[in-house]
Amino acid sequence: MLKIHDVCKTFKGTKILDHISIEIEKSSIFGLAGPSGSGKSTLLRCIQRLETPDCGLLECNGKTGFMFQDFQLFPHMTVLENLLYATKFLASKDVYGEKSANYLCMARGMLKDLGIEEKEQSYPNSLSGGQKQRVALARSLMINPDILLCDEPTSGLDIATIQDVVQLLRSISETGVTMVIASHDLDFLTKISDRIVLLKKGKIAVDVHVQQQKDPINYLKRYYT
Amino acid sequence: MVGKIIMEKLFTNFTYIGQGIGFMLQLLAGGFAIGTTMGLLLSILRHGKVLAFLVDRFVSIIRGTPLILQLSFIYFSIPSICGVRLGTLAAGIVAFGVNSSAYVSEILRSGIESLPKGQFEAAQTLRIPKYYMWKDIILPQVITNVLPALINEIIALLKETAIIAVIGGMDVMRRSQIVAAEQFEYFAPLCIAGVYYYVLVLLIEFVGRKIEKRRSYAKNS
């Protein structure tokens, strides 16, 4: 689904990504762990083409969606407008039949699944952190991505909301969407991911298949320091 | 008797000077229309890479020379260079428009730069085409944020139109000077002109506040 081959990225003389190679399978949930500054976000941004790698190859079979750490909802649009705006530019073959009506149904359905259907006419500034998170997630899914890239989806959320996010991302993954999740929260990552790669100073420190480890959190923690 | 004569004189002066308002408003409207359109274009070009340098020089030159010089240049020296002579109104609109565009582009630039980079990136990740990104995502937010500065610019432009007198335009200020020169009396005509300017500025402020209030969606909701 996604092949990262020998990717490097340097910012002002500092190596952020140092010859990274990873292959990610379709419909899996892939976790990117690592301390701050380890290159997780940069790798995600390279996959999304928000950054251009200095060297290496990125092969991506499918459309990517991106969820920002700070959501980046459009503040001058209501929740529903945030969700629907980008669908104007999608080819109508993405959804059967009448285009706009279907996207409206899809958006409403998604807001309902996320438990924020009563917020569809609200502006982002009136939402709580958890609600913004959900809107951001819904918005990135509206363009029907094959791969969803999430940058720190749990930062600033309380434990109960994190549990909800885990449920949510799981249910999305079950629909066949491949996910790449960058987070420094090992607890969250081990709960959700099939496989976790820990980055340290731009290099892969360890690559773990979560199911095959007895105690993945402690195993990963050893590589943290 | 004397009171009546004074009142009549005042009234005649009032209407004579007031006849310059139409001309002044044409200059303002034309100048501001050119100023905002061109300013918008310049600020977007400046955000790109190719023409940024040229736009930068243009803005620097316009801001670095007096408006009175630019107006005289367009009215007096362009005809001698290329033989095209603009009328007073047209020359005024072009000069005020070009001058204003430099300031408007600076206002918009500061607004664009103060917007989080993530807003551009979010539009990019959602595959929103560039034109629509500017039109529907970036500029609506920028304009809301810089509205007070834009209203300032209209007010400044309104008062700057008085410079049109150097190329013989009969605006409010010029008319008040004519009256003053004829009657050897400066106090009343200048006060009258002042009242006209001030009332117009109050009007612009009022409309500006209304628009500001209507657009402050996300800040208080």
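So you know, we letter chains A, B, ... as the sequences are listed, proteins then strands, and number each from 1.
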Exercise. Under a 4.5 Å heavy-atom cut-off, does chain B meet the side chain of A/Arg49, its backbone, both or neither?
Worked result: backbone
Problem set entry | More than 12 heavy atoms from other groups under 6.0 Å of CZ on B/Arg85 | yes
Exercise. Would you find a donor on one side and an acceptor on the other, under 3.5 Å apart, between the side chain of A/His76 and the backbone of B/Asp136?
Worked result: yes
For this session: Measure the CD-CZ distance between B/Glu121 and A/Phe66 for me, rounded to the nearest 0.5 Å.
Result: 7.5 Å
Problem set entry | Point-to-point distance, once rounded to the nearest 0.5 Å, from OH of A/Tyr85 to CG of B/Leu126 | 10.5 Å
Exercise. Should we count CD of A/Glu25 as having more than 12 external heavy atoms under 6.0 Å?
Worked result: no
Seminar exercise, completed: CD1 of A/Ile143 to OG1 of B/Thr125, rounded to nearest 0.5 Å, is 6.5 Å
For this session: Assess the side chains of A/Gln72 and B/Gln119: does a donor N or O sit below 3.5 Å from an acceptor N or O?
Result: yes
Problem set entry | Interatomic spacing from CZ in A/Phe74 to CE in B/Met133 - rounded to 0.5 Å | 9.5 Å
For this session: Output all residues satisfying ring-ring contact (aromatic ring centres under 6.0 Å, His included) with B/Tyr196, sequence neighbours left out; order by chain, then residue number.
Result: B/Phe14
For this session: Count the heavy atoms belonging to other residues, nucleotides or ligands that lie under 6.0 Å from NZ of B/Lys135, then report whether that count exceeds 12.
Result: yes
Problem set entry | Under 4.5 Å from any heavy atom of chain B - which part of A/Leu73 | backbone
For this session: Return the minimal non-hydrogen interatomic distance between B/Arg127 and A/Thr64, and the atom names on each side.
Result: NH1-O, 3.0 Å
